[in-house]
Amino acid sequence: QYTPNTNTAYTVRHMWQNINDNGYTEHESEAKTGTTGAQTAATAKTYTGFTAKSFSQAASAADGSTVVDIYYDRKTYTITWKDGDNQTIETDQNVKYGATPTYEGATPTKTATAQYTYTFNGTWSPAISTVTGNATYTAQFDQAVNEYKITWKNEDGSVIDYTTVAYGVVPTHADATKAADAEYTYTFAGWTPNVVAVTGAAEYTAVFSQIKNTYTILWLNEDGTELEKDENVAYGETPVYSGATPTKAEDALYTYTFS
């Protein structure tokens, strides 16, 4: 009487789904034994990131040629990409476990502030790694300090100069000048409004203090001789002669009286 062999070999192959396509590649195999003609006793394994598909046992062939393939699908996850303003700019769904996610959208941006302009530097936070679960990546940026146009004006509104100054820096400029006129001599006193650290384009107008000019008044007799010298007489004041009454020597024809 025939007695089935209870040590008949068979093979169980564990097939992992590929990353880049939906085919499967053998990850590992197990050598098993069973009874010739009986159903195999293959069991699925537990692999992180994979889900075993249903499979069927097979009758063990006496020659040990029986192979049971167990297929494992990769779990899939959602990868979210965000810009510098924390806005979602791309969502990649069904990304396979073990794949390296790739951003394929437009160049990420970040809204400029008064202080900075931002340029995407090609990196993400956290650093991109193979997929092991849902993940969110935020674009990273280099920042450049903004510069602004500063206008310096004269008291009459005419432009003295333009300068370009970085945000946060207190602008400076050489003192403005104003030509003296008959009444006043002018001295630079500062700028209005008060000069402060740059937060945007700005205009400053020169301010001057003024000192009334003074003059020297000479009082001369008719013959050109000096009668009196009054110094530091302010512009607009009426000079007053305070000396002796001017005289002129009489001649054969006339006697002279100061009028």
Side-chain angles (χ1 to χ4, degrees), residues 78-92 100-129 135-218 229-239:
T78 298
I79 306 301
T80 302
W81 306 87
K82 293 193 172 186
D83 65 13
D85 299 317
N86 203 37
Q87 299 298 306
T88 298
I89 51 177
E90 180 175 303
T91 301
D92 299 332
T100 300
T102 303
Y103 175 74
E104 298 177 343
T107 301
T109 60
K110 182 176 181 178
T111 303
T113 64
Q115 186 171 10
Y116 294 113
T117 295
Y118 300 94
T119 303
F120 177 58
N121 63 19
T123 66
W124 301 84
S125 179
I128 295 173
S129 60
T136 297
Y137 294 100
T138 302
Q140 300 300 291
F141 295 82
D142 293 329
Q143 61 187 30
V145 176
N146 293 327
E147 294 184 332
Y148 293 93
K149 180 180 180 180
I150 307 301
T151 304
W152 307 90
K153 290 186 173 183
N154 225 323
E155 188 179 52
D156 61 3
S158 61
V159 174
I160 299 171
D161 195 9
Y162 298 104
T163 58
T164 301
V165 182
Y167 181 98
V169 174
V170 178
T172 59
H173 196 278
D175 291 353
T177 59
K178 182 178 180 180
D181 54 33
E183 186 172 7
Y184 293 108
T185 295
Y186 301 94
T187 302
F188 178 70
W191 302 95
T192 184
N194 291 330
V195 178
V196 296
V198 170
T199 58
E203 290 187 358
Y204 295 102
T205 301
V207 176
F208 297 89
S209 60
Q210 59 190 31
I211 298 175
K212 186 166 286 194
N213 295 328
T214 60
Y215 295 89
T216 297
I217 308 300
L218 289 177
K229 182 178 182 180
D230 298 335
E231 297 180 325
N232 300 319
V233 179
Y235 179 96
E237 289 185 10
T238 301

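All values derive from a computational prediction rather than experimental measurement.
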Nearest atoms (heavy-atom pairs only) where [X] meets [Y]:
X	Y	answer
Thr123	Asn121	OG1-OD1, 2.6 Å
Asn213	Asp181	ND2-O, 2.7 Å
Trp124	Gln140	C-CG, 3.9 Å
Ala176	Ala206	CB-CB, 3.6 Å
Ala234	Thr214	CA-CG2, 4.0 Å
Phe120	Ala139	CE1-CB, 3.6 Å

With a 3.5 Å distance limit and no angle check, can you tell me whether [X] reaches the backbone of [Y] through a side-chain donor-acceptor pair?
X	Y	result
Asn146	Ala114	yes
Asp156	Ser158	yes
Asp161	Trp152	no
Asp85	Gln87	no

Using side chain to side chain contact (heavy atoms under 4.5 Å, CB included) as the criterion, point out the one residue from Ile160, Thr151, Thr192, Val196 that pairs with Tyr204. Val196

Considering residues, nucleotides and ligands other than Ile211, do more than 12 of their heavy atoms fall under 6.0 Å from its CD1? no

Please indicate whether Lys229 has more than 12 foreign heavy atoms, meaning atoms of other residues, nucleotides or ligands, lying under 6.0 Å from its NZ.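 No, the 6.0 Å shell around NZ holds no more than 12 heavy atoms from other groups.
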
Rounded to the nearest 0.5 Å, what's the gap from [atom1] on [X] to [atom2] on [Y]? Could you check?
X	Y	atom1	atom2	result
Thr177	Phe208	OG1	CZ	6.0 Å
Thr100	Ile128	OG1	CD1	8.5 Å
Thr187	Lys178	OG1	NZ	11.0 Å
Glu90	Thr80	CD	OG1	9.5 Å
Thr216	Asn232	OG1	CG	6.5 Å

Test item: side-chain donor near acceptor, Asp92 and Tyr103, under 3.5 Å: no

How about [X] and [Y]: do any of their side-chain heavy atoms sit closer than 4.5 Å?
X	Y	result
Tyr116	Val145	yes
Trp81	Pro108	no
Pro126	Tyr137	yes

Pair Asp142-Thr119, side chain to side chain donor-acceptor pair (under 3.5 Å): steps then yes or no: CA-CA 5 Å; Asp142 293 329; Thr119 303; over 6 Å; no

According to the interplanar angle, ranging from 0 to 90°, do the rings of [X] and [Y] count as parallel (below 30°), tilted (30 to 60°) or perpendicular (above 60°)?
X	Y	result
Tyr167	Tyr148	tilted
Trp191	Phe188	perpendicular
Tyr215	Tyr235	tilted

Determine, step by step, whether Thr109 and Asp83 satisfy the side chain to side chain donor-acceptor pair (under 3.5 Å) criterion, reporting the C-alpha distance in whole Å, the side-chain angles of both residues, the deciding distance to 0.1 Å, and the verdict. CA-CA 6 Å; Thr109 60; Asp83 65 13; 4.6 Å; no

